[in-house]
Amino acid sequence: MGRGKIEIKRIENSTNRQVTYSKRRGGIFKKARELTVLCDAEVSLIMFSSTGKLSEYCSPSTTTKKVYDRLQEVSGINLWSSHYEKMQNHLNKLKEENSNLRREISQRMGEDLDGLQMEELRGLEQNMDSALKVVRERKYHVIHTQCDTYRKKIRNLEDTNKRFLRALEGSDETAGMLYADLGRPVCESAFGLASGGPHMFGFRVQPCHPNLHDSGYGNDDLRLA
């Protein structure tokens with residue numbers, strides 16, 4: 001039992017329509033590849049889905065542009081003329097916009113004012129006043145921001161200076177206490193030695209010095225007790 005004949009009409013269900021498009025697109029591309037291999041044909045195939053997605057196939061031995069150029073030669077139809085006209089119109093529009101912008105800039109600089117009427121001059125003056133107001137507000141904002149930044153830097157430097165001063169004062173007191181502690185036993189020992197107290201130091205001089213031999217001390221030790 002064969003399949004029933006499918007009526008060719010638009011598929012209303014979007015999901016079924018997309019599935020059918022994907023299946024038949026694959027079949028058409030398969031046939032195009034088969035024609036390229038079996039018949040040595042140059043095939044260029046371009047497809048756009050209902051969502052605007054591009055699908056393209058071209059034979060490996062050629063390019064889409066070459067196929068279009070050959071189509072122009074055979075049919076005598078210039079496929080690029082309309083595209084060139086659109087590009088030319090777009091270019092002319094961009095040139096006009098560029099010319100208008102240059103003229104507006106020069107007028108804001110006080111140039112090319114001879115051809116302007118009273119209303120145009122008044123409008124230009126208002127635009128420049130508005131622009132000057134915006135620039136002035138921006139300048140004041142930048143000045144205020146810079147002043148706040150400098151104040152913060154000054155406060156940070158003052159705090160750092162205060163910490164350094166406190167650390168320096170603390171180090172001076174510590175150094176003074178350390179010098180007092182180290183000097184006390186030295187002074188006491190010196191006073192004990194001078195007064196003959198119990199804190200006496202014993203010194204021993206070896207008789208190897210030549211002056212000692214000459215003075216008559218001999219081999220005896222010289223002691224201080």
Which atom pairs, donor and acceptor, lie under 3.5 Å between side-chain atoms of residues 33-41 and protein residues at least two apart or in another chain?
from  : atom 1 : to    : atom 2 : distance (Å)
Thr36 : OG1    : Ala32 : O      : 3.0
Thr36 : OG1    : Tyr57 : OH     : 3.3
Thr36 : OG1    : Ser59 : OG     : 3.0

* Would you please name every residue forming a side chain to side chain donor-acceptor pair (under 3.5 Å) with Glu56, sequence neighbours left out? => Thr64

* Residues in side chain to side chain donor-acceptor pair (under 3.5 Å) with Thr20, at least two apart? -> none

* Distance-only donor-acceptor check, side chains Arg17 and Ser14, under 3.5 Å -> no

* For residues 133-148, which residue pairs qualify under side-chain hydrogen bond (donor to acceptor under 3.5 Å, both in side chains), counting only residues two or more places apart or in two chains? -> His144-Asp148, Asp148-Arg151

* So which residues get pulled into Met87's cluster when ILVMFWY side chains under 4.5 Å apart are joined, directly or through others? -> none

* Structure fact -> Students should find that the hydrophobic cluster of Leu113, defined by side-chain heavy atoms under 4.5 Å apart, otherwise consists of Leu116, Leu121, Leu124, Met128

* Asked: With sequence neighbours left out, which residue pairs that include part of residues 79-99 fulfil the salt bridge (charged side-chain N to carboxylate O under 4.0 Å, His left out) condition?
  -> none

* Asked: Going by side-chain heavy atoms closer than 4.5 Å, which hydrophobic residues are tied to Leu157, directly or by a chain of links?
  -> none

* Pairing of Arg155 and Asp159 as salt bridge, 4.0 angstrom limit -> no

* Any residue meeting side chain to side chain donor-acceptor pair (under 3.5 Å) with Arg102, in chain and number order, not counting sequence neighbours -> none

* Using 4.0 Å as the upper bound for N to carboxylate O, is an ion pair formed by Arg108 and Glu104? -> yes

* To do: Can you sort out the partners of Lys66 under salt bridge (Lys or Arg N to Asp or Glu O under 4.0 Å), two or more places apart, ordered by chain and number?
  => none

* To do: Please list all pairs passing the side-chain hydrogen bond (donor to acceptor under 3.5 Å, both in side chains) test where one or both residues lie in residues 113-130, with sequence neighbours left out.
  => Glu119-Arg122

* To do: Just jot down the side chain to side chain donor-acceptor pair (under 3.5 Å) partners of Arg25, sequence neighbours excluded, or say none.
  => Ser55

